[in-house]
Q: 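First the structure, then my questions, so here it is.
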There are 2 protein chains.
Amino acid sequence: MPKDSTPADVVTLDRYDRQILEILQHHGRINNQELAERIGLSPSPCLRRVRALEDSGLITGYRALVDAKRLGHSLTALLHISMDRHTPERFANFEAKVAALPQVQECLLITGQEADYQLKVVVHDMDDYQNLLLNQITRIEGVTGAHSSFVLRRVLEHRPVPSHPDTPY
Amino acid sequence: MPKDSTPADVVTLDRYDRQILEILQHHGRINNQELAERIGLSPSPCLRRVRALEDSGLITGYRALVDAKRLGHSLTALLHISMDRHTPERFANFEAKVAALPQVQECLLITGQEADYQLKVVVHDMDDYQNLLLNQITRIEGVTGAHSSFVLRRVLEHRPVPSHPDTPY
DNA sequence: CTTTTTTTGGCATATAATTCCAATATCATT
DNA sequence: AATGATATTGGAATTATATGCCAAAAAAAG
C-alpha cells in the first residue's frame, strides 16, 4: 500500500530511473551497455527500466537534433499571434493551418493580453520571413495581430526536465 | 568542382540524407536496419550516411523527450525579461545565473522593445513559479522587468527542421 | 565513350539487445 | 530481529544489430 497519495498519473522514481532520464535527455542514442555502466546497473535491469519508462509514457519519444543554420535556416523568430474570437472553431482552424507550415517548429496556446499563440519559426532569410508572415500566417482566418521577435542567440536549448522535485528556494 | 557556390558551412543534401534527417527527427532511436529499409538503401551505406551527418555537425545530438507533467511539472511558463543595460557583463552574468536554474528549459536572447530574453520554464505549481520568479529570477542583477505568459496547451512541439529549401509561396 | 571518383550491397565479424531464470535484495508484518 | 511475500537484479544463452571490408555498380568528369 502506498504511504502517500499522489495523482494517479504522476510517477515516483528511484535514483536509477532519474539517472536514466537525465542521461537519455542528453544522449538519446546511448547504447544500453554504456547506459547501464554509467548508472551502475547491469545491462538487463537497465534495459527493463528504459522500456518501463517508455511504456509508462514518461519517455514520449526520441529525436535527433539538427543544426537549422547548416540547413540554410539562418533566421529563427518568435511570433505572437492574437485572434479576434476565442471560439473552438477559430482555434482549430488556426492550428490546422499552422500545422501545415513546415517552418513552424513550435506552436503554444498561451495566456496574456498580448497574444493567444506563440509560434517559433525557422526560415532562410528575412524575405522568407516576410513571405511567411504576410502571405501565410496573417491570412489565416481570425488572426488580428502578429508581433515578431527574432532570436539573436540560443543561450540554452533542449535542457532536461528536472526529475527531482523543485528546489524549495 | 562545385557548380554553384554556397556558404562553406551550408550543406547540400540528396534525397537519402533528407529522408534520414526527417526520420531521425521523429524517431531518434530507430535502428539502422529499419532506417535503411525505410529510405530504400541497404544498411551499410545508410549507416555511413548517418555517421557522416553526425560528423559534419548537421546532426548535433539525440534527446529523449520526457513528459514534464508526469514528472510533476504541471505548469509551463514563458518569461520575458528585460535588462537595465545591454553590456556583455550583464548578459554573461544573467546567462550564468539562469543556466544554474534547472527549471529553465530554454533561454533565448531576442530582439524587441519589450524584452531582451525569453525563458521557458517548467514548475510544479503556481507557488513554485512565484518562488522562482520572485526569489531567483528577478533578483539577478540588471533584471528590470519580467512578464509572464503561461502555456495553456502545446499545440505543436519538437517539429522537424525542414530539410528542403523554403517553399517560395 | 573512356577514365576517374564516388557510392553501393553483401558478407564476415564484432558488438549490443533481449530473454530467461536462479539468486539477491527489499518491504511489510509480526 | 525473523519471516514470508514481492520485486529487482545479474549472468548466460540466444537473437538481433552494427561495423568494417571489398568487389561491383553507379555517377561524374573529361
Side-chain angles (χ1 to χ4, degrees), chain A residues 1-6 8-66 70-71 163-165, chain B residues 1-6 8-66 70-71 163-165:
Chain A
M1 210 177 297
K3 300 181 179 181
D4 191 31
S5 86
T6 50
D9 53 347
V10 174
V11 290
T12 310
L13 304 171
D14 65 12
R15 88 177 179 87
Y16 291 127
D17 289 329
R18 277 195 288 267
Q19 280 184 278
I20 288 172
L21 289 181
E22 175 79 18
I23 294 172
L24 287 180
Q25 284 184 82
H26 284 289
H27 309 287
R29 240 190 149 165
I30 189 175
N31 72 49
N32 185 58
Q33 305 205 348
E34 168 102 21
L35 178 61
E37 199 171 313
R38 288 210 204 177
I39 70 174
L41 262 185
S42 65
S44 52
C46 179
L47 182 63
R48 264 192 304 264
R49 281 167 177 270
V50 173
R51 294 283 176 268
L53 291 169
E54 291 167 357
D55 294 346
S56 73
L58 231 153
I59 293 176
T60 57
Y62 298 89
R63 298 278 189 278
L65 301 183
V66 161
R70 296 286 294 277
L71 277 176
S163 50
H164 326 277
Chain B
M1 211 177 296
K3 299 179 176 177
D4 191 32
S5 87
T6 51
D9 54 346
V10 173
V11 291
T12 310
L13 303 171
D14 65 13
R15 88 176 179 87
Y16 290 127
D17 289 329
R18 277 196 288 268
Q19 280 184 279
I20 289 173
L21 289 181
E22 176 77 18
I23 293 172
L24 287 180
Q25 284 184 83
H26 283 291
H27 308 288
R29 243 192 147 163
I30 190 176
N31 71 49
N32 184 58
Q33 306 205 348
E34 169 101 21
L35 178 61
E37 198 171 312
R38 288 210 205 177
I39 69 173
L41 261 186
S42 65
S44 52
C46 179
L47 183 63
R48 264 192 304 264
R49 281 168 176 271
V50 172
R51 294 283 176 266
L53 291 169
E54 292 167 356
D55 293 346
S56 74
L58 231 153
I59 293 176
T60 58
Y62 297 89
R63 298 278 189 277
L65 302 183
V66 161
R70 296 287 294 276
L71 276 176
S163 50
H164 326 277

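Letters A, B, ... are given to chains in the order of the sequence lines, protein chains preceding strands, and every chain is numbered from 1.
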Q: In this structure, how many angstroms lie between the C1' atom of D:dA27 and the CZ atom of B:Arg15, rounded?
A: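 In whole Å, D:dA27 C1' lies 15 Å from B:Arg15 CZ.
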Q: Which heavy atom of B:Tyr62 sits nearest a heavy atom of B:Val50, and at what distance?
A: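 Of all heavy-atom pairs spanning B:Tyr62 and B:Val50, the closest is OH-CG1, 3.9 Å.
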Q: To 10°, what angle do the rotation axes through the five end pairs on each side of the helix from C:dC1-D:dG30 to C:dT30-D:dA1 form?
A: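 It comes to 50° between the two terminal axes.
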Q: For residues 33-47 of chain A, which residue pairs pass the salt bridge (charged side-chain N to carboxylate O under 4.0 Å, His left out) check, not counting sequence neighbours?
A: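 Sorted result for residues 33-47 of chain A: A:Glu34-A:Arg38.
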Q: State the CZ-CZ distance between B:Arg63 and A:Arg63, to the nearest 0.5 angstrom.
A: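 So the CZ of B:Arg63 and the CZ of A:Arg63 are separated by 13.0 Å.
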Q: Using side-chain heavy atoms (C-beta onward) and a distance below 4.5 Å, is A:Leu53 in contact with A:Leu24?
A: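 They are not in contact (no side-chain heavy atoms under 4.5 Å apart), so the answer is no.
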Q: Under 4.0 Å, heavy atom to any atom of DNA chain D: which of residues 44-60 of chain B qualify?
A: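 Within this stretch, B:Ser44, B:Leu47, B:Arg48, B:Arg51 sit under 4.0 Å of the strand.
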Q: On a heavy-atom basis, which atom in A:Asn32 and which in A:Cys46 lie closest, and how many Å separate them?
A: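 Scanning both residues completely, I find the closest heavy atoms to be OD1-SG, 3.4 Å.
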Q: Output the residues of residues 22-43 of chain B in contact with DNA chain C, where contact means a heavy atom of the residue under 4.0 Å from an atom of the strand; sort by number or write none.
A: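 DNA chain C contact set from residues 22-43 of chain B: B:Leu41, B:Ser42.
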Q: Is there a donor-acceptor pair under 3.5 Å between the side chain of B:Arg29 and the backbone N or O of A:Gly61?
A: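 No, B:Arg29 side chain to A:Gly61 backbone: no donor-acceptor pair under 3.5 Å.
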Q: Tell me, do A:Leu41 and A:Gln19 make a side-chain contact under 4.5 Å, heavy atoms counted?
A: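 No, every pair of side-chain atoms sits at 4.5 Å or beyond.
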Q: State, yes or no, whether a side-chain contact exists between A:Ile20 and A:Leu13 at a heavy-atom distance under 4.5 Å.
A: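 A side-chain contact is absent here, since even the closest heavy-atom pair is not under 4.5 Å.
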Q: Report the residues that fulfil side-chain hydrogen bond (donor to acceptor under 3.5 Å, both in side chains) with A:Gln25, sequence neighbours left out, ordered by chain and then residue number.
A: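 With sequence neighbours excluded, A:Gln25 shows a side-chain hydrogen bond (donor to acceptor under 3.5 Å, both in side chains) to no residue whatsoever.
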Q: Please collect all salt bridge (charged side-chain N to carboxylate O under 4.0 Å, His left out) contacts where either partner lies in residues 40-50 of chain B, sequence neighbours excluded, each pair once.
A: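 The answer is B:Asp14-B:Arg49, B:Asp17-B:Arg49.
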